[in-house]
2 protein chains.
Amino acid sequence: MNNAGGRRRPPTIHDVAREAGVSRGTVSRVLNGGHYVSPPALEAVNAAIRKTGYVVNRHARSLITGRSDSVGFLLTEPQERFFEDPNFNVLLRGCTQALAAHDIPLLLMLAGTEDERRRIKRFITAGHLDGVLLVTSHSADPVAEELHKAGVPVVQCGKPMRSGSKVSYVAADDRDGARDMVRHLLSLGRRRIGIVTGPLDSPGGVDRLAGYKEVLAEAGVGIDERLVVSGDYSRAAGEAGAERLLAQAPDLDAVFVASDLMALGALTALRRAGRRIPEDVAVGGFDDSIAATEATPPLTTIRQPYDRISAEMVRVLLAQLGGEDPAAVILPTELVRREST
Amino acid sequence: MNNAGGRRRPPTIHDVAREAGVSRGTVSRVLNGGHYVSPPALEAVNAAIRKTGYVVNRHARSLITGRSDSVGFLLTEPQERFFEDPNFNVLLRGCTQALAAHDIPLLLMLAGTEDERRRIKRFITAGHLDGVLLVTSHSADPVAEELHKAGVPVVQCGKPMRSGSKVSYVAADDRDGARDMVRHLLSLGRRRIGIVTGPLDSPGGVDRLAGYKEVLAEAGVGIDERLVVSGDYSRAAGEAGAERLLAQAPDLDAVFVASDLMALGALTALRRAGRRIPEDVAVGGFDDSIAATEATPPLTTIRQPYDRISAEMVRVLLAQLGGEDPAAVILPTELVRREST
DNA sequence: GACCGTTCTGGGATCGTGCACAGAAAAGTC
DNA sequence: GACTTTTCTGTGCACGATCCCAGAACGGTC
């Protein structure tokens, strides 16, 4: 068994066939489900596989089947922000593990520059991948639509902006999450509730704002546009947003910030203005990333089920590879109470 | 050019040959470097490639060459900690981009459970990968050695524990970084300098401690074992470590904490004990992760050049694929002064 | 026994490349 | 011009699997 220094030629299906005393065809059938194989042949082949340590050559298989049995995980701009977002890690890990359970390798592709985008699109449309899991914070990104048009199965993380799109997606229920948070703030007796929204050219930004307005209207609390500002999910934007709110509506007693990272910035700004959290101003975040638990005080937030999102993305993609139609999945969120409210 | 709804058969080398009026062999030669091809033939082939939109079928190529032209990025346990470490992201992104420049896809493999480890080892040794970039916080991990013995080119991130190993690695100069930090603390007039080391079964832990002791000895400051405690790089360990130091040596005036994450915990513990940072106790970290800049006060730390580390890992691996011998690369660190010292 | 349908098996064709080889064409040498 | 060397080209084969098809083996029915 000494094999140091170089790789030996791996056993092929032919070696297994010879060892088992059957033909290649029979071995191939065993490998692909075992239909139309007699019990003794099945056992002989399995024994031969164990004995030889045979592993299928995926390249040879792909060449004839036309499938690659691998999936791409595509992250499009803006990398800096997203890549440092802990939520991204959870997604990537979840997808990798869900695919591993099906023995499907994941190819990581980062499209930062325009040049990289072209390269990657070329790679994908060349048929090197069976499907693509797409993550982009900018949901207006046309790449999902382009790949879909080229016949490549795609599942996007987060709702796409264009509503007519037939691209599969998996997302958390932004609107409902926002409703829960605002109801929670109302239940604490707060009435001057500000909001720092996400970018309003993305469904995440729009839907969370819609939920906010909906609940306030329901409760008979009027909507004061001075209580509404927007940011881009970054920490700095949260800080600036809170400052703007304080200037426009100094009497606010709560803020719903549309991401935990922005909430961190908001905490800084509010504290600097001398407001106590949560006594003077209650602060609610969105995401439930680790940032939320490590903040001081720990953030009340809306949990996005990233582990389930990744699992669903893989499930939907594999279903599509199996011939099913594109699907949209919306997963429920959950209010997580901590000390900031 | 309408191709909605399904993939069309991609053009093959044969289509290109027919289009260019040459044979398959000539096209193949153009694809692989263009040697022994006449100028007119070269141009005709290139034109045909552009016209047909031809992209090489990697599976067919791999089948005949025996190479896969793809590389694995393997992360072994313990995932939870490492995966949430922002440094990991920087490594992963750096490797992906460096490989993309050579048109080499990266396959992400996470080995959490023992079952996953077996699966992945099987996958790799089956020849589905040309080489492996290995990241593990536990440097005693035998997987590097195993893969190496199986003839798979490996480059490890961080120095391996076993010194006799012939596995390539790329690491920052831990010892020198520690020396710089301790010299810096000495230059501030501090003499009672504590240390929270990393795990002492890893070179990172051992070497940083060695640097610490070396500089103190050089400076004629004795080594007080009450000033030395160790942790596991986690935030909680930093907090506990600082508490132990405060109990064992209440007169300390500086702490060198062997990771930024631990330093965050140490800040909490020191502040709770009423020590002002940096007036009473100066705190130095290690890594220069984003945690360092976001801490209050921002941490003085030793910068590990993760972007260069990832680039070197890829360079060394590709060199090895090209037939060169395994290599060890140690990169210089840099002191980053901020407000915690 | 003749016939049928189902289960099971083996071998040839095939996927799209790279490589070895043979031979043509061009270039250099005496 | 005859010869060698170098450059250039096309063809057959191989890589390792799946797929298809023909036909054998089996069991049941009339």
Side-chain angles (χ1 to χ4, degrees), chain A residues 7-46 48-49 52-70 103 105 123 125-130, chain B residues 7-46 48-49 52-70 103 123 125-130 321:
Chain A
R7 279 194 234 194
R8 89 171 40 173
R9 191 182 72 80
T12 72
I13 205 173
H14 188 259
D15 299 325
V16 174
R18 194 153 29 84
E19 177 70 34
V22 298
S23 72
R24 293 165 11 242
T26 301
V27 177
S28 176
R29 275 184 290 265
V30 171
L31 257 33
N32 299 28
H35 303 301
Y36 290 99
V37 176
S38 68
L42 182 73
E43 194 172 340
V45 170
N46 278 327
I49 288 176
T52 54
Y54 170 79
V55 178
V56 65
N57 182 319
R58 304 173 82 100
H59 301 304
R61 172 180 284 173
S62 293
L63 183 54
I64 183 79
T65 61
R67 287 174 289 122
S68 71
D69 293 313
S70 58
D103 254 308
F123 182 88
T125 50
H128 295 317
L129 253 32
D130 291 347
Chain B
R7 279 194 235 194
R8 89 169 42 171
R9 192 183 71 83
T12 72
I13 205 174
H14 187 261
D15 299 324
V16 175
R18 194 154 29 83
E19 176 72 32
V22 298
S23 73
R24 294 167 10 242
T26 300
V27 177
S28 177
R29 274 184 290 266
V30 171
L31 256 33
N32 299 15
H35 303 301
Y36 291 102
V37 176
S38 67
L42 182 73
E43 193 172 341
V45 170
N46 279 328
I49 288 177
T52 56
Y54 170 79
V55 178
V56 65
N57 182 321
R58 303 175 82 101
H59 300 303
R61 172 181 283 174
S62 293
L63 183 56
I64 184 78
T65 62
R67 289 175 288 119
S68 71
D69 294 313
S70 59
D103 254 308
F123 182 87
T125 51
H128 294 317
L129 252 34
D130 291 346
L321 296 186

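The figures that follow rest on heavy atoms only: side chains count, while hydrogens, waters and symmetry mates do not. Quick caveat, the model's predicted, so the values are computed rather than measured. Order of the sequence lines sets the chain letters (A, B, ...), proteins ahead of strands, with each chain counted from 1.
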B:Asn32 CG to C:dT17 P, in whole Å, measures 11 Å
From CG of A:Asp69 across to P of C:dC15 the rounded distance in Å is 19 Å
Hits for side-chain hydrogen bond (donor to acceptor under 3.5 Å, both in side chains) against B:Asn32, two or more places apart or cross-chain, chain-then-number order -> none
note: B:His14, atom NE2; C:dT14, atom P; distance rounded to Å ~ 13 Å
Residue pairs passing the salt bridge (Lys or Arg N to Asp or Glu O under 4.0 Å) test with at least one member in residues 19-42 of chain B, sequence neighbours excluded, are B:Glu19-B:Lys51
Those residues at least two apart in sequence (or on a different chain) that pass ring-ring contact (aromatic ring centres under 6.0 Å, His included) with B:Phe123 are B:His128
The side chain to side chain contact (heavy atoms under 4.5 Å, CB included) partners of B:Ile64 (sequence neighbours excluded) come to none
Measure the shortest side-chain to side-chain distance between B:Asn57 and B:Pro10 over non-hydrogen atoms and say whether it is less than 4.5 angstrom. no
Rounded to whole Å, CG of B:Leu42 lies from C1' of D:dT7 at a distance of 14 Å
All N/O contacts under 3.5 Å from nucleotides 13-16 of chain D to the protein, with atom names and distances to one decimal?
| from | atom 1 | to | atom 2 | distance (Å) |
| --- | --- | --- | --- | --- |
| D:dC13 | N4 | B:Arg24 | NH2 | 3.4 |
| D:dG16 | N2 | A:Ala60 | O | 3.4 |

Quick one: are A:Arg58 and A:Pro105 in side-chain contact, heavy atoms under 4.5 Å?
yes
If each end axis of the helix from C:dG1-D:dC30 to C:dC30-D:dG1 is fitted on five C1' pair positions, the angle between them, to 10 degrees, is 40°
Given protein heavy atoms under 4.0 Å, the one-letter contact record of nucleotides 4-9 of chain C, with B base, S sugar-phosphate only and - none, is simply ---SBB
dist B:Asp130:CG -> B:Ser68:OG (nearest 0.5 Å) comes out at 3.5 Å
Practice prompt. Kindly say if A:Ser28 contacts the phosphate of D:dT18, meaning a side-chain N or O under 4.0 Å from OP1 or OP2.
Written response: yes
Residues passing the side chain to side chain contact (heavy atoms under 4.5 Å, CB included) test with B:Asp15, sequence neighbours excluded, are B:Arg9, B:Pro11, B:Thr12, B:Arg18
Residues passing the side chain to side chain contact (heavy atoms under 4.5 Å, CB included) test with A:Val56, sequence neighbours excluded, are A:Tyr54, A:Arg61
Taken in chain and number order and not counting sequence neighbours, the residues that satisfy side chain to side chain contact (heavy atoms under 4.5 Å, CB included) with A:Ala20 are A:Val22, A:Ala44, A:Val45, A:Ala48
With sequence neighbours left out, the residues meeting side-chain hydrogen bond (donor to acceptor under 3.5 Å, both in side chains) with A:Asp103 are none
